[in-house]
Amino acid sequence: MNNKFDFPIKKENLRIIFIGLAINLIGYLLMIGGGADNPAEFHEKELFSTVRITISPILIIAGFVIMIYGIMKKAKNSNSQE
């Protein structure tokens, strides 16, 4: 009886997943801000900046794609029989 548990996600896959998570967090951090202290003020350049409405969503989507790739990638030294 072999009780050895083989975790399906290997170290290489976890590294890819954490890289995707880091890119995702950078995207969310770039999206933060743009609010004014006084509600009567409106700063168009801060609210609609290219970083907030273009670059950060691209980073977030890229982070999710990298994480999905890390989950779905088959390990090189997999012992599974197909």
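Values below: every heavy atom of this structure, side chains too, minus hydrogens, waters and symmetry copies.
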Rounded to the nearest 0.5 Å, what's the gap from CZ on Phe7 to CD1 on Ile9? Could you check?
5.0 Å

The reported gap from CG in Leu30 to CG in Leu25 (rounded to nearest 0.5 angstrom) is 11.0 Å

Hey, are the side chains of Arg52 and Pro57 touching, using non-hydrogen atoms and a 4.5 Å cut-off?
no

First locate atom CD1 of Ile26, then atom CD1 of Ile60, and finally report the distance between them rounded to the nearest 0.5 Å.
11.0 Å

Could you tell me which non-hydrogen atom of Met67 sits nearest to which non-hydrogen atom of Ile17, and how far apart they are?
CG-O, 3.5 Å

Any idea which heavy atoms bring Asn13 and Lys73 closest together, and the distance?
ND2-O, 2.7 Å

Do Tyr69 and Ile66 sit in the same hydrophobic cluster, where Ile, Leu, Val, Met, Phe, Trp and Tyr count as joined when their side-chain heavy atoms come under 4.5 Å apart?
yes

Verify same cluster id: Leu14, Leu21 (apolar side-chain graph, 4.5 Å):
yes

Any Leu59 side-chain heavy atom under 4.5 Å of Asn24 side chain
no

Keeping the roles fixed (side chain from Ser56, backbone from Tyr28), state whether a donor-acceptor pair exists under 3.5 Å.
no

